[in-house]
Q: 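Sharing a structure here in structure tokens format.
So you know, we letter chains A, B, ... as the sequences are listed, proteins then strands, and number each from 1.
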There are 2 protein chains.
Amino acid sequence: MLNNSHYIDKLRSSGLRPTKQRIKICEILFNTEKTFHFTINDLVKKISKATNDKISLATVYNTVHAFKKKGYLKEIPINSDQSYFDTNTSHHHHFYDENQKDLMDIDDADVEPVKINTRIPGKKIKSVEVLVKVEDA
Amino acid sequence: MLNNSHYIDKLRSSGLRPTKQRIKICEILFNTEKTFHFTINDLVKKISKATNDKISLATVYNTVHAFKKKGYLKEIPINSDQSYFDTNTSHHHHFYDENQKDLMDIDDADVEPVKINTRIPGKKIKSVEVLVKVEDA
DNA sequence: ATTCTACATTATAATAGTTCTAAACTGTTG
DNA sequence: CAACAGTTTAGAACTATTATAATGTAGAAT
Ligand SMILES: [Mn+2]
Ligand SMILES: [Mn+2]
Ligand SMILES: [Zn+2]
Ligand SMILES: [Zn+2]
């Protein structure tokens, strides 16, 4: 995980050229023990802290969308004026603290499987996501 | 329900002055058998079909926010480029068709109660919402 | 190694939903 | 009625996101 060659392989095998911008963003997103949630703005800040070579905003958007398309990131549906992304791509649900605007994983073991006993003809289920909004008690 | 005096009372008792703009919007939102989902743009179109006196966009936004704050509307969390509102303020979950960008209620009888077996200290649960994304089968 | 080309980055403009501003208007109260 | 707070409004401002189009580059072909 500490070696860039891992990301280079991963990118190449996804059909994405391993540019230095993409490798840097991989390091920031995936070179951590814990997964995390972020907005584009969060990521831009992390990048500027992590490097002197700046990456253009357009590239940050392009890269996040490319990674999402490849399944390396998930987008979390919260009602907000900006998109939230998640480096945790496994199946799980979320708490959203509207006071602190903080998004937190709920361990999947702590949620009973959600059963939907109806279907829409001609449509298949793509995802089932639970959002638990919390506020100060 | 066909009488405006009902809305006038409702608005007054909520501390909102019953202006003709608000009454018209009440008629459009609440004078129906079925509840429905809408975006601001949808509502603007409904208004211009329903009346010759135009209502400014700012007033539409102001009114929807005021009604949401009073609990007469819910905002549905979807990652989209626009906000979705719901005249159905009872507890229920949603299908979202990403192809047609169509939001549909799931009858609450068709969803097993969602059990969250963990809490965040100092926080209380405000809502639990399930979003089922569907796509063409 | 040089050349080629499709892919990628970039600055910047454009877009679109939403919020803000401040002036004019109106419902309610005394 | 007069007074005032609440409301509406046109338009500007704001902000997240996407599009544009010129420049740069990775990887492959020669
Ligand atoms: Mn919102
Ligand atoms: Mn937006
Ligand atoms: Zn998560
Ligand atoms: Zn609904």
Q: Rounded to whole Å, how long is the line connecting atom NZ of A:Lys69 with atom C1' of C:dA8?
A: 15 Å
Q: Does A:Lys20 reach a base, just sugar-phosphate, or nothing at all? Heavy atoms under 4.0 Å.
A: nothing
Q: So is B:Lys101 actually on top of B:Tyr84's ring, under 6.0 Å and inside 45° of the axis?
A: no
Q: Separation of B:Leu11 atom CG from D:dG6 atom C1', in whole Å?
A: 13 Å
Q: Is A:Asn41 touching bases, backbone alone, or none of the nucleic acid, heavy atoms closer than 4.0 Å?
A: nothing
Q: Is the distance from OP1 or OP2 of D:dT18 to the nearest side-chain N or O of A:His65 less than 4.0 Å?
A: yes
Q: As a test of reading the structure: which of C:dG17, C:dT9, D:dT8 is closest to the side chain of B:Gln82, going by heavy atoms?
A: C:dG17
Q: Using the six-membered ring wherever Trp is involved, compare the ring planes of A:His91 and A:His93 and label them parallel, tilted or perpendicular (cut-offs 30° and 60°).
A: perpendicular
Q: With respect to the phosphate group of C:dT18, does any side-chain polar atom (N or O) of B:Ser83 fall under 4.0 Å of OP1 or OP2?
A: yes
Q: Without decimals, in angstroms, what is the distance between A:Arg22 CZ and C:dA8 C1'?
A: 6 Å
Q: What nucleotide among D:dT17, C:dT9, C:dA6 has an atom nearest to a side-chain atom of A:Tyr61?
A: D:dT17
Q: Pairs counted as Watson-Crick or G-U wobble with both distances under 3.5 Å: what dot-bracket string results for DNA chain D, using | for bases tied to another strand?
A: ||||||||||||||||||||||||||||||
Q: Looking at A:Lys68, I'd like to know if its NZ atom is crowded, meaning that more than 12 non-hydrogen atoms belonging to other residues, nucleotides or ligands lie closer than 6.0 Å.
A: no
Q: What's the closest nucleotide to the side chain of B:Leu16 if the choices are D:dT7, C:dT18, C:dA11?
A: D:dT7
Q: Round to a whole Å and report the spacing from CZ of B:Phe38 to P of C:dG17.
A: 15 Å
Q: Do we get A:Lys126 above B:Tyr96's six-membered ring, with its NZ or CZ under 6.0 Å from the centre and within 45° of the axis?
A: no
Q: Using OP1 and OP2 only, check whether a side-chain N or O of B:Thr19 sits under 4.0 Å from D:dT8.
A: yes
Q: At less than 4.0 Å, is any side-chain N or O atom of B:Gln21 found next to OP1 or OP2 of D:dT9? Yes or no.
A: yes
Q: Students often mix this up, so state it plainly: with edges at 30° and 60°, are the rings of B:Phe30 and B:Tyr72 parallel, tilted or perpendicular?
A: perpendicular
Q: Any Lys/Arg nitrogen of A:Lys123 or B:Glu135 sitting under 4.0 Å from an Asp/Glu carboxylate oxygen of the other?
A: no
Q: Please state how far atom CD1 in A:Ile55 lies from atom C1' in D:dT25, giving the value in whole angstrom units.
A: 15 Å
Q: Please report, rounded to the nearest Å, how far the P atom of C:dT18 is from the CG atom of B:Leu57.
A: 9 Å
Q: Expressed in angstrom and rounded to an integer, what is the separation of A:Asp81 atom CG from C:dT19 atom C1'?
A: 10 Å
Q: Just compare D:dT9, C:dA11, C:dT9 and give me whichever is closest to any side-chain atom of A:Ala58.
A: C:dA11
Q: Could you tell me how far apart B:Lys54 (NZ) and D:dG11 (P) are, to the nearest whole angstrom?
A: 10 Å
Q: Give a yes/no on whether any side-chain N or O of A:Arg12 is located under 4.0 angstrom from OP1 or OP2 of D:dG27.
A: yes
Q: Under 4.0 Å between a side-chain N/O of A:Arg17 and OP1 or OP2 of C:dT9, yes or no?
A: no
Q: As a quick check of understanding, evaluate side chain to side chain contact (heavy atoms under 4.5 Å, CB included) for A:His37 and A:His94, giving each step before the final call.
A: CA-CA 11 Å; A:His37 307 104; A:His94 293 93; 3.1 Å; yes
Q: Evaluate whether atom NZ of B:Lys124 has more than 12 neighbouring non-hydrogen atoms of other residues, nucleotides or ligands under 6.0 angstrom away.
A: yes
